[in-house]
Amino acid sequence: MEEKRTKKGRAPRATRLLEVDAWIDSTLYEAGFKLSEAWENVTIFFRRFRLYGAKRAAIELFSESLTLATVGAVLMLALAIPAFEETSANWRAQDDYAVTFLDRYGNEIGQRGVIQRDSVPVDEMPDHVVKAVLATEDRRFFEHFGIDYLGLVRAMTENVRANTIVQGGSTLTQQLAKNLFLTNERTVERKVKEAFLALWLEANLSKKEILQLYLDRVYLGGGTFGISAAADFYFDKQVQDLTLAEAAMIAGLFKAPARYAPHINLPAARARANEVLTNLVQSGLMTEGQVLPARLNPASAVDRGERDSPDYFLDWAFEEVKKIVPDGATHSLVARTTLDPDLQQAVAESMEYHLRQHGKDYDVTEGAAVVMETDGAVRAIVGGRDYGQSQFNRATQALRQSGSSFKPYVYAAAMEAGFEPGSVISDAPISWGGWAPQNYTRRYAGRVDLATALIHSYNTVPVRLAHDHLGLEPIEKLVVAMGVESELNGHKTMVLGTSGMTVMDQATGYSVFASGGYAGIRHGILQLTTHSGTVLYDFARDATPPRRVLSEKAVSAMNSILVQVPERGTGRRAALPGVRSAGKTGTTQSYRDAWYVGYTGNYVAAVWLGNDDYRPTRRMTGGSLPAMVWQRFMAYAHQNAELRPIPGIDDPLPELDATTVATASEAEGQINGLARPPRTMPTATSNVLKGMAEHFRRAPPLKPTAGPETLSAL
């Protein structure tokens, strides 16, 4: 009975499960059938719209165009985001400091900040001033929306016709966007940002506001920014008093201030002003009769002398002032700097001389250099060939790969870790995580000592040091401790100089070797005072004391190696007559960057050469043109100077004939127009004069011993 009941109880449950299974199967079948039926109906429906022949080709073309447009819109949006991030800062506000700069001898060398003169509203400027600018810079300024396609086509046509660049396609708004937010680097990224920012300016500012900002902030040569400052500097006038001839001369400066500055090249300035007058007639803003008096009576500028303003140095020094000025201090300041104007001119001359002589051979167009004394005082900065053409400071702002000039940092870390110049290591193929660097010559020397490896710049040895013995972290920490502010990439390829570094940082890092192992000594401001003479900052009093970052043993080891680089290594073209120097060359992949960084017991100097658009040079190495530039101005700097020894090396001041000690041959060291030595004096003489000055300061005032009658008779 029990068994029968169990079977009877199971039967209904099994039946229900079979029913559920059947229902699921039928439901899925019916759903699939209905979906296929619906899909068939949809397919039949859309067959009515199927096109053939030319109509189908047109639709396909439209579809592909729409796809490409969508992709392009997404890409442009991706490019626009970083451009619009540039507008997040308070870009409207100019720096509210007014700083007058003096060189190391107390002579005024320039100004920065709001001292450029008060802004004059566009409505108060003479009509011919505004017209001269617009006729030359952007005739369709009030018609375009930031990018002038018609003007671009016209410029391209004229350039093709002339077979050279005679007209630019950038609008006034694009130029303002570059001045406000960007640098002068010639890259596609910068041009894309410039276009987006021009559209942004047009959307957020009126035409009058854009024109006002442009006229107030454009660089016009002679260290002046803004048309009001230019009117005062060149003609000793307010902008409201400019004649048509003077306005045309200033308008001609916008294209190339250094080339057409009237205080330097008056004939070129007058020729350019005549072109501006022609532009006024061609644009229909004036008639020939109206401009004829200005043609017949061209303007003459106030004589300001021919010495170039050290603008790249001033830009850097202005930023240094803003870092050190005490809180709550007046914003009208006088800064005594470390600049040596003679050495500054010598460095600029050497750079231009070699680029002019050999630039085409090596296909190189730009260069930068920094010179400082071994106590960290920055004596000269060259941030490019022409400040009027490009205010981008390649010495302090451009991050360029350092190549083999980075290797001394790796070797310095090794010396700190216990290695010595005679330590033997293998120069042989090595693989590090799939990266297999090779030597420049593609040959290997086998077991070599560290001195030989650095002198001949073998690549595998610093890689092996980092991989097998040091690791990357100690190297990074040492580079930062040596005062390098450029951020390292932290990649294993860093040991061969793939991180971007500035020229200023390279000079700062090598100054540790020249100073005996001390960092934190770089400075450009000696004293900061008010115009009444109150001292707000004094480097000797307020600066952070230097700190030791390399032991004496490590410094001696590194200097004993690096002095051999210009003597028998890759930097022989940098050797100085009668002066022992040390240094290192650097060349990056595809010859995009070439360096020579070196020092003596007196000076440290870093030189970089390359192209703004990162175009490869024609096989230029650090031991070629950069070493030659370095040698020319450093030979000048040491003429008749009191030579100081490089710390920790044997025979630092070799006995030589008096005719060769610290002098350079005319072909190698003579700087045109600067035959006399820099204005320096021996330390002993300087100390005597300082002692005499202190003695006179403390001496009581003299009292007359004769009576008034006797004095009057005398």
Side-chain angles (χ1 to χ4, degrees), residues 94-117 179 183-184 216-226 228-230 232-234 253 257-258 261 263-264 304-325 331-349 351-352 367-373 376-398 502-504 507-508 522-529 531 536-537 539:
Q94 283 185 298
D95 297 299
D96 57 352
Y97 286 100
V99 186
T100 299
F101 289 95
L102 313 177
D103 64 19
R104 61 183 296 197
Y105 308 111
N107 303 311
E108 184 174 335
I109 53 175
Q111 299 172 325
R112 285 295 184 270
V114 294
I115 35 80
Q116 267 72 25
R117 313 294 177 269
N179 292 338
T183 69
N184 287 72
D216 286 344
R217 302 197 181 189
V218 66
Y219 179 71
L220 291 171
T224 63
F225 289 83
S228 297
D232 179 77
F233 180 81
Y234 292 117
L253 294 171
H263 70 301
I264 295 176
R304 299 289 186 183
E306 293 190 1
R307 181 179 288 274
D308 291 336
S309 175
D311 290 304
Y312 290 114
F313 181 93
L314 292 176
D315 287 348
W316 173 76
F318 187 43
E319 297 302 316
E320 295 298 298
V321 166
K322 289 187 284 187
K323 292 177 184 177
I324 63 176
V325 64
H331 283 197
S332 183
L333 305 166
V334 177
R336 186 162 186 156
T337 71
T338 57
L339 179 81
D340 185 326
D342 288 336
L343 186 53
Q344 170 73 34
Q345 191 173 352
V347 177
E349 192 276 346
M351 181 72 70
E352 180 59 29
V370 171
V371 182
M372 62 176 68
E373 288 197 10
V378 179
R379 296 302 187 201
I381 295 177
V382 172
R385 298 181 70 179
D386 187 344
Y387 186 84
Q389 184 177 10
S390 169
Q391 290 86 59
F392 178 63
N393 195 333
R394 296 158 187 81
T396 61
Q397 295 175 287
T502 66
V503 180
M504 178 65 78
T508 302
R522 182 181 83 192
H523 61 285
I525 307 299
L526 293 173
Q527 201 173 66
L528 203 59
T529 68
H531 282 274
L536 302 175
Y537 169 88
F539 177 79

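Values reported hereafter were calculated over all heavy atoms of this structure, with side chains retained and with hydrogens, waters and symmetry mates removed.
Between Val99 and Phe318, the shortest heavy-atom contact is CG2-CE1, 3.7 Å. Residue Val347 comes nearest to Ala380 through the heavy atom pair CG2-CB, 4.0 Å, listed as atom of the first residue, atom of the second, then distance. The two residues Tyr105 and Pro341 make their nearest non-hydrogen contact at CE1-CD, 3.9 Å. Looking at every heavy atom in both residues, Phe313 comes nearest to Thr338 through CZ-OG1, 4.0 Å. Among all heavy-atom pairs drawn from Pro310 and Ile109, the shortest one is CD-O, 3.7 Å. Nearest approach of Leu220 to Ala230, heavy atoms of both residues: CD1-CB, 3.6 Å.
One finds the CZ atom of Arg385 at 9.5 Å from the CE atom of Met351 (value rounded to the nearest 0.5 Å). Atoms CG and CG, on Asp103 and Asp342 in that order, are 9.0 Å from each other to the nearest 0.5 Å. Remark: Gln345 CD to Asp340 CG distance equals 10.5 Å, nearest 0.5 Å. The distance from the OG1 atom of Thr396 to the CH2 atom of Trp316 is 9.0 Å, given to the nearest 0.5 Å. With values rounded to the nearest 0.5 angstrom, Ile381 atom CD1 is found 7.5 Å from Gln344 atom CD. Between Arg336 atom CZ and Leu526 atom CG the span is 7.0 Å, to the nearest 0.5 Å.
Every residue two or more places apart in sequence or in another chain that forms a side-chain contact (heavy atoms from CB on, under 4.5 Å) with Ala348 is listed here: Val382. Residues meeting the side-chain contact (heavy atoms from CB on, under 4.5 Å) test with Tyr219, sequence neighbours left out: Phe225, Pro257, Asp311, Tyr387, Gln391.
For the pair Met372/Met504, a side-chain contact is recorded, criterion being any heavy-atom separation below 4.5 Å from C-beta on. By the 4.5 Å heavy-atom criterion applied to side chains, Phe101 and Val321 are counted as neighbours.
There is a side-chain donor-acceptor pair under 3.5 Å between Ser332 and His531.
Proximity of a side-chain donor or acceptor of Thr337 to a complementary backbone N or O of Leu102 within less than 3.5 Å is detected. With hydrogens and angles ignored, the 3.5 Å screen pairs no side-chain donor or acceptor of Arg104 with any backbone N or O of Leu339. Remark: the backbone N or O of Gln397 is not paired with any side-chain donor or acceptor of Asn393 at under 3.5 angstrom.
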Margin query: With side chain to side chain contact (heavy atoms under 4.5 Å, CB included) as the criterion, how do Arg394 and Val503 come out once you've worked through the C-alpha distance, each side chain's angles and the decisive distance to 0.1 Å?
Written below: CA-CA 8 Å; Arg394 296 158 187 81; Val503 180; over 6 Å; no
